[in-house]
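Comments concern the structure below.
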Amino acid sequence: MEEFPRIKRLPPYVLAVVTDLKAKMRKAGEDIIDLGMGNPDLPTPKHIVDKLIEASRNPRNHRYSASRGIPKLRLAICNWYKRKFHVELDPDTEAIATIGAKEGLSHLVLAVMGPGDIALVPNPTYPIHAYSVIIANADVRSISLTSGEGDFLDRTRRAMKTIWPKPKLLIISFPHNPTTEVVDLDFFRRIVEFAKEHELLVVHDLAYADLVFDGYKAPSILQVPGAKDVAVELYSMSKGYSMPGWRVGFVVGNRHMVGALTRIKSYLDYGMFQAIQVASTVALNGPYRVVEEAVEVYRKRRDCLVDGFARIGWDFPKPQGTMFVWAPIPEPFRAMGSVEFSKFLLTKGKVAVSPGFGFGEHGEGFVRFALVENEHRIRQAIRGTKAILQAPVKVRVR
Ligand SMILES: Cc1ncc(COP(=O)(O)O)c(C=O)c1O
């Protein structure tokens, strides 16, 4: 069989181990509570769906659209940024619509990286942050987000001293999937300063911009004066606006990077279905209340999950951001590792979670819950877990 060099560099998805097992069990008739994949389950707000229906009836929207997004959508993106972050952007040169943040990130990295280039990527991470670099035939240097001296930036500074050739790109994302770690604006100030000192480009994935709790506000890296000299930011309509299947996101900031992405996308696609772009424009220009309502649903699920697990003796902190909860494997099971523990939770407790190892070796020792089932189902998951968590304790007592 012929070998495909780019495919050879893409290992099988670790997260698929649990997903495949879950599919098999469901096929066999098991009721699995699926807190595995971060696939938002809330319906898209009605006025956005209504606009899609209306726009899709208009034959003008049936033709090829603009690869970088129609002007009204790019203007809506810039106005949204101005309202939310007080950041000024030029819709012609500093904003591009993408087919979801994932597509935007992969093609951006493909556009700016090549063989011999190095990107610094936190570990654990949302997989495409590392694999976009691999797909571009460039190399990844992982910086641990969970262990080592100092904070992530201190570790990055130390790594920078020993890496040759000099890294070209830093890919970060806060609020962070999977660890739920959040940062303040001062962190981004230091990142921008560091990037300028080392002539690094920065890609910041702000997919969870809206999903924040308890008064915490996620800053944009572009709020740092001069950030546009080195950084772009990605946003996703999938999370706050509950539009994951629509595939809409955008990239804003540094005009050279936005320009490179615009160029490569002009070769690859004709843009999203125009009716989707029209409806997304309405979403961004419309009431932010719809996002806040979704956030409140996720907050209640978070509280239900974290408080419920604490009651059965599995304690972990409440995240301030994202739609995830990041939990250390309970001590009696830690030696199993996160993949085996996730399989165990699935087969014995009928609860699907994502093993931390699936996000990189520094995610080992943890599992990630996605808050994508309702509170009733979350309580069912806690009951399912209770019996198995208590089993080895009995064994130990005997
Ligand atoms: C950090 C991060 N970025 C991007 C995405 C995907 O966004 P989109 O649906 O816009 O491609 C996800 C989805 O889980 C994510 O966690």
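Remember, it's a predicted structure, so these values are computed and weren't measured experimentally. All ligand and atom numbering here is 1-based and tracks the order in the structure.
Judged by a 6.0 Å distance limit and a 45° cone about the ring axis, Arg368 is not positioned over the six-membered ring of Phe359.
In terms of polar-atom proximity, defined here as any N/O pair under 3.5 Å, Lys239 does make such a contact with ligand 1. At a 3.5 angstrom cut-off on N or O pairs, Glu103 does not count as close to ligand 1.
When each atom of ligand 1 is checked for a heavy atom of Arg247 under 4.0 Å away, the hits are 8 (P), 9 (O), 11 (O). Here is the list of ligand 1 atoms found below 4.0 Å of a heavy atom in Ser173: 1 (C). The atoms of ligand 1 that sit less than 4.0 Å from any heavy atom of Asn177 are 15 (C), 16 (O). Listed by number with element, the atoms of ligand 1 under 4.0 Å from a non-hydrogen atom of Ala207 are 2 (C), 3 (N), 4 (C). Interface of Gly100 with ligand 1, defined as ligand atoms under 4.0 Å from a residue heavy atom, comprises 10 (O), 11 (O). The Asp205 neighbourhood of ligand 1 comprises atoms 1 (C), 2 (C), 3 (N), 4 (C), with distances under 4.0 Å to a heavy atom of that residue.
Heavy atoms of Ala101 found under 4.0 angstrom from ligand 1 belong to the backbone as well as the side chain.
The protein non-hydrogen atom at the shortest distance from atom 9 (O) of ligand 1 is Ser238 OG, 2.6 Å. When hydrogens are left out, the protein atom nearest atom 15 (C) of ligand 1 is Tyr208 OH, 3.5 Å; that is the closest non-hydrogen contact. In terms of protein heavy atoms, atom 7 (O) of ligand 1 is closest to Ser236 OG, 3.5 Å. Among all non-hydrogen protein atoms, the one lying nearest atom 6 (C) of ligand 1 is Tyr126 OH, 3.4 Å.
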Audit row: Asn58, Gln274, side chain to side chain donor-acceptor pair (under 3.5 Å) steps and yes/no = CA-CA 10 Å; Asn58 184 345; Gln274 195 154 288; over 6 Å; no
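Under the 3.5 Å distance criterion, with hydrogens and angles disregarded, a donor-acceptor pair is assigned to the side chains of Asp269 and Ser67. Using a 3.5 Å distance cut-off with no hydrogens or angles, the side chains of Tyr81 and Glu88 do not pair a donor with an acceptor. Checked by atom type, the side-chain pair Asp210/Tyr298 shows no donor-acceptor distance below 3.5 Å. Side-chain N/O atoms of Trp246 and Thr44 include a donor and acceptor closer than 3.5 Å.
Under the salt bridge (charged side-chain N to carboxylate O under 4.0 Å, His left out) rule, Glu197 has a single partner from Arg190, Arg157, Lys166, which is Arg157.
Heavy atoms of other residues, nucleotides or ligands lying less than 6.0 angstrom from CZ of Phe341 number more than 12. Environment of NZ in Lys72: sparse, with no more than 12 heavy atoms of neighbouring residues, nucleotides or ligands closer than 6.0 Å.
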